[in-house]
Amino acid sequence: MTAQLPAQIAGQPHESILIVDFGSQVTQLIARRVREAGVYSEIAPFNAADAAFDRLQPKGIILSGSPASVTEIGSPRVPQRFFEAGIPILGICYGQQTMCAQLGGSVTPSQDGREFGRAFIEIKGRSALFDGLWKEGEHHQVWMSHGDKVDALPPGFAPVAVSEGAPFAVTSDEKRRFYGVQFHPEVVHTPDGGKLIANFARHVCGLAGDWTMAEFRATKIAEIRKQVGDGRVICGLSGGVDSAVAAVLIHEAIGDQLTCVFVDHGLMRMGEADQVVSLFREHYGIKLVHVNVETLFLNGLKGVTDPEAKRKFIGKTFIEVFEDQARQVGGADFLAQGTLYPDVIESVSFTGGPSVTIKSHHNVGGLPERMNMKLVEPLRELFKDEVRLLGRELGLPEIFVGRHPFPGPGLAIRIPGEVTKERCDILRKADAVYLDEIRRAGLYDAIWQAFAVLLPVRSVGVMGDGRTYDYVCALRAVTSTDGMTADVYPFDSAFLGRVATRIVNEVAGINRVTYDLTSKPPGTIEWE
Ligand code: XMP
């Protein structure tokens with residue numbers, strides 16, 4: 001059974017805004033703010049902006065910030081034709097500076113007017129960008145981070161707000177609908193920044209703000225049908241949100257042409273494997289091959305203690321099992337993956353070299369190349385929270401959609417030292433008690449990730465009249481927005497005491513519980 005699509009939206013491109021990336025650390029936040037306003041947006045590096053413009057036919061353009069300086073020879077520029085397209089443009093920081101420089105103004109490195117951090121701007125004039133938000137004479141908090149500044153405006157531009165360090169904190173050419181802001185509206189430290197970006201998208205560009213997950217779902221289903229035709233698709237399920245949402249969406253599009261393979265490595269949390277099987281097979285009626293390869297994985301992990309060696313073995317074995325299963329179901333034409341937007345965006349680097357590998361997260365990297373299959377990646381344009389919204393739209397249960405991220409190598413990287421069946425079972429029980437208490441306290445959704453770690457040390461305890469000599473369990477809970485940085489979740493001590501008591505009482509093999517107080521950096525979220 002495949003769903004009927006409303007004809008008027010099937011396969012239609014969205015009204016969109018193109019974000020030209022000059023390498024700022026926070027360009028993704030611009031895309032998020034635009035999407036929060038109900039408008040579809042895509043990011044293109046400055047040197048690929050021309051092609052993105054032709055493909056998207058955007059109704060507005062936003063130029064990002066950059067670590068570069070407009071005053072340096074060879075620094076990046078906006079394709080000049082964008083200024084002649086007759087659509088609104090918002091330049092942020094470097095974006096404002098290059099716009100001004102390219103349209104006949106000038107920019108100087110600022111000796112004394114560098115501004116970093118919180119600043120206040122004063123509104124000096126009217127602008128469509130401020131309509132319904134900021135009025136003349138008002139002061140507003142913004143976040144600045146700039147050395148250079150515009151020192152002469154191009155013809156047609158006027159200053160509409162000033163700050164101590166930037167006489168042109170906001171400039172505009174109301175006729176051409178070009179706006180430049182020296183500050184960063186995309187970061188949360190500019191309290192009205194999201195509203196300002198929404199004003200640009202909705203009011204200035206005149207977009208309806210009707211980009212919804214229902215529309216995305218219908219558009220994607222049409223695209224998947226067109227791409228796949230009567231071909232066959234195979235999809236690996238991990239138990240995580242991304243692959244689950246991708247699979248359900250693809251199934252809605254092409255029904256039984258999809259086969260899912262769930263490589264069950266035995267390193268999942270309590271009850272998780274059963275949930276995957278019953279949800280996909282029984283609830284959605286999706287063809288699912290469940291391969292139980294716990295023994296294969298545990299045998300291979302015998303004696304392995306190095307975290308990267310664990311990851312390598314698990315990634316490699318996963319691919320081998322998956323390939324084998326794909327052959328057994330008679331092959332497929334397409335491989336489906338739950339790739340998300342942050343993995344797709346080409347990062348613009350001004351420093352050259354690759355960044356240091358802290359941990360290799362690409363569990364199944366190389367799978368598409370090895371299997372020589374075309375890819376179906378219906379979530380490529382979405383951020384994680386948007387995937388969750390889509391999951392809800394598709395009727396996936398909350399316990400699945402709202403689930404904390406779980407690493408591909410599973411419990412293996414939460415058991416420092418050797419991974420054994422006994423240790424996995426002990427950890428699964430402790431983790432289940434911890435998560436149960438977190439859910440009961442209503443804290444699950446306030447936490448990015450919470451889990452137990454089983455340490456390879458034993459400590460002495462006393463229970464009843466006897467001496468115990470058992471494992472130590474560490475509890476971890478962090479808040480984060482993207483997993484790149486993280487703060488420790490501040491549980492109260494009564495909560496932690498309750499969890500510790502339950503774990504020691506209910507989980508044979510653990511007699512001591514500690515709470516990990518390390519933020520990231522300097523720690524990482526996982527212990528390995
Ligand atoms: P770290 O430990 O690097 O974790 O601070 C950041 C986020 O990534 C997850 N993580 C992994 N995910 N394969 C994955 O798919 C891995 O090997 C891996 N290692 C860490 C971690 O759970 C957190 O969400």
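For the numbers below, each heavy atom of this structure counts, side chains included, while hydrogens, waters and symmetry mates do not. Numbering of residues begins at 1 and proceeds along the displayed sequence. Indexing begins at 1, ligand by ligand and atom by atom, following the structure's order.
Residue Lys520 approaches ligand 1 through these ligand atoms, each under 4.0 Å from one of its heavy atoms: 1 (P), 3 (O), 5 (O), 6 (C). The contact set between ligand 1 and Gly483, taken as ligand atoms under 4.0 Å from a residue heavy atom, comprises 6 (C). The ligand atoms of ligand 1 that sit less than 4.0 angstrom from a heavy atom of Thr524 are 1 (P), 2 (O), 5 (O).
Between Tyr284 and Phe280, the ring-plane angle classifies as tilted under the 30° and 60° cut-offs.
By the 3.5 Å distance cut-off applied to N or O atoms, Gly408 is counted among the residues near ligand 1. When only interatomic distances are considered, the shortest N/O to N/O separation between Ile525 and ligand 1 falls below 3.5 Å. For ligand 1, the polar-atom distance check against Glu528 finds no nitrogen or oxygen pair separated by under 3.5 Å.
Cation-pi geometry between Arg403 and Phe400 is met: under 6.0 angstrom from the ring centre, within 45 degrees of the axis.
The shortest heavy-atom contact between Asp242 and Gly338 is CB-O, 3.5 Å.
Using a 4.0 Å cut-off between heavy atoms, Pro407 contacts ligand 1 through both its backbone and its side chain.
Looking only at distances, a side-chain donor or acceptor of Gln449 sits under 3.5 Å from a matching main-chain atom of Pro405.
Salt-bridge annotation for Glu320 and Lys316: present, with a side-chain N of the basic residue lying under 4.0 Å from a carboxylate O of the acidic one.
Considering Arg311, Glu308, Lys310 only, the shortest heavy-atom separation from atom 19 (N) of ligand 1 involves Arg311.
Every pair passing salt bridge (charged side-chain N to carboxylate O under 4.0 Å, His left out) that includes a residue from residues 291-303 is listed here, sequence neighbours excluded: Glu294-Lys421.
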